[in-house]
Chemist: 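Questions regarding the structure given below will be posed in turn.
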Amino acid sequence: QVQLVESGGASVQAGGSLRLSCAASGYTFSRFCMGWFRQTPGKEREGVALITSAGNGGYAGSVKDRFTISRDNDKNTLYLQMNSLKPEDTAMYYCAAHRHYESLCPPLRATHFGDWGQGTQVNVSS
């Protein structure tokens, strides 16, 4: 079955960097859109970035120019490089797969993604 496993979350100071990884298995990773989302207690899950099967990325305005999404289709792994981290980036980060249509990405909303990992926690202190 589909499995998504995130890693790389940690506690860092503002201005620091982290790289999150998401290992995918159970389906043909290279064919489908992938996304990163984040959530804090009491708030809805928020889209951070997504990437098409061809490697074209899209970002939420709050992270654009600081975060970079990428994928290695040979390793079935999704990445999120996070630079210039801010306290407001503190959240549980989830990777997700959109497997309804090959190649294309939907809008960056959680309801469009059907497969999810368990999350990895990122804490940014000021």
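Note that this is a predicted model, so its numbers are computed, not measured.
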Chemist: Starting at CD of Gln81, measure out to OG of Ser70 and round the result to the nearest 0.5 Å.
Modeler: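 These two atoms lie 8.0 Å from each other.
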Chemist: Compare all side-chain heavy atoms of Gln3 with those of Ser25 and state whether any distance is below 4.5 angstrom.
Modeler: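 The answer is yes, as the side chains (C-beta and beyond) meet within the 4.5 Å cut-off.
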Chemist: Which atom pair, heavy atoms only, marks the closest approach of Ser21 to Thr77?
Modeler: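 Answer, listing the atom of Ser21 first, then Thr77: CB-CG2, 4.3 Å.
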Chemist: I want to check a possible cation-pi pair here: Arg38 against Tyr94, using under 6.0 Å from ring centre and within 45° of the ring axis as the test.
Modeler: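 Here Arg38 fails the 6.0 Å and 45° test against Tyr94.
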Chemist: Got a sec, which pairs hit disulfide bond (SG atoms under 2.5 Å apart) with one end in residues 96-126, sequence neighbours left out?
Modeler: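 Qualifying pairs, neighbours excluded: Cys33-Cys105.
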Chemist: Taking Phe67 as the fixed residue, which of Asn83, Leu20, Leu85, Leu18 is the one that meets the side-chain contact (heavy atoms from CB on, under 4.5 Å) rule?
Modeler: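 Result: among Asn83, Leu20, Leu85, Leu18, Leu85 is the only option passing the side-chain contact (heavy atoms from CB on, under 4.5 Å) with Phe67.
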Chemist: When rounded to the nearest 0.5 angstrom, what distance separates CE in Met34 from CG in Asp115?
Modeler: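 Between atom CE of Met34 and atom CG of Asp115 there are 8.5 Å.
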Chemist: Determine whether Val48 and Met82 fall in the same hydrophobic cluster, where Ile, Leu, Val, Met, Phe, Trp and Tyr are linked whenever their side-chain heavy atoms lie under 4.5 Å apart.
Modeler: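 Same cluster.
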Chemist: Would you find a donor on one side and an acceptor on the other, under 3.5 Å apart, between the side chain of Arg71 and the backbone of Thr52?
Modeler: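 Yes.
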Chemist: What closest approach, in Å, do Phe113 and Ala97 show between heavy atoms, and which atom pair accounts for it?
Modeler: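 Between these two residues, the closest heavy atoms are CD2-C, 3.6 Å.
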Chemist: Report yes or no: is the cationic atom of Arg19 (NZ for Lys, CZ for Arg) under 6.0 Å from the centre of the six-membered ring of Tyr79, at an angle within 45° of the ring normal?
Modeler: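 Yes, a cation-pi geometry holds between Arg19 and Tyr79.
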Chemist: Indicate every side-chain donor-acceptor pair of residues 118-126 with a distance under 3.5 Å to a residue at least two apart or in another chain.
Modeler:
| unit_1 | atom_1 | unit_2 | atom_2 | d |
| --- | --- | --- | --- | --- |
| Gln118 | NE2 | Glu6 | O | 3.4 |
| Thr120 | OG1 | Gly9 | N | 3.0 |
| Gln121 | NE2 | Ala91 | O | 3.3 |
| Gln121 | NE2 | Asn123 | OD1 | 3.0 |
| Ser125 | OG | Val12 | O | 3.4 |

Chemist: Please name the pair of heavy atoms, one in Ile69 and one in Tyr59, separated by the smallest distance, quoted to 0.1 Å.
Modeler: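 The pair with the smallest heavy-atom distance is N-OH, 2.9 Å.
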Chemist: How close do Leu78 and Ile51 get, heavy atom to heavy atom, and via which atoms?
Modeler: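 Heavy-atom minimum between the residues: CD1-CG2, 3.7 Å.
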Chemist: Roughly how far, to the nearest 0.5 Å, is the OG1 atom of Thr28 from the CZ atom of Arg99?
Modeler: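 Going from the CZ atom of Arg99 to the OG1 atom of Thr28 covers 9.5 Å.
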Chemist: Contact between Leu4 and Phe29 at the side-chain level, heavy atoms closer than 4.5 Å - yes or no?
Modeler: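 The answer is no, as the side chains (C-beta and beyond) never meet within the 4.5 Å cut-off.
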Chemist: Can you sort out the partners of His112 under ring-ring contact (aromatic ring centres under 6.0 Å, His included), two or more places apart, ordered by chain and number?
Modeler: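 Applying ring-ring contact (aromatic ring centres under 6.0 Å, His included) to His112 gives none.
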Chemist: Report yes if some heavy atom in the side chain of Tyr101 is under 4.5 Å from a heavy atom in the side chain of Phe32; otherwise report no.
Modeler: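 Result no, sub-4.5 Å side-chain heavy-atom pair not found.
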Chemist: Please name the pair of heavy atoms, one in Leu80 and one in Ala49, separated by the smallest distance, quoted to 0.1 Å.
Modeler: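 Looks like CD1-CB, 4.4 Å.
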Chemist: Does some side-chain heavy atom of Arg66 sit less than 4.5 Å from a side-chain heavy atom of Asp89?
Modeler: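 Yes - at least one pair of side-chain heavy atoms lies under 4.5 Å apart.
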Chemist: In terms of hydrophobic clusters joined by side-chain contacts under 4.5 Å, are Tyr27 and Leu50 together?
Modeler: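 Tyr27 does not cluster with Leu50.
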Chemist: How about Trp116 and Phe37: are their ring centroids closer than 6.0 Å?
Modeler: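 Centroid separation for Trp116 and Phe37: below 6.0 Å.
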Chemist: If I compare all heavy atoms of Leu104 with all of His98, which pair ends up nearest, and what's the gap?
Modeler: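 That would be O-CD2, 3.8 Å.
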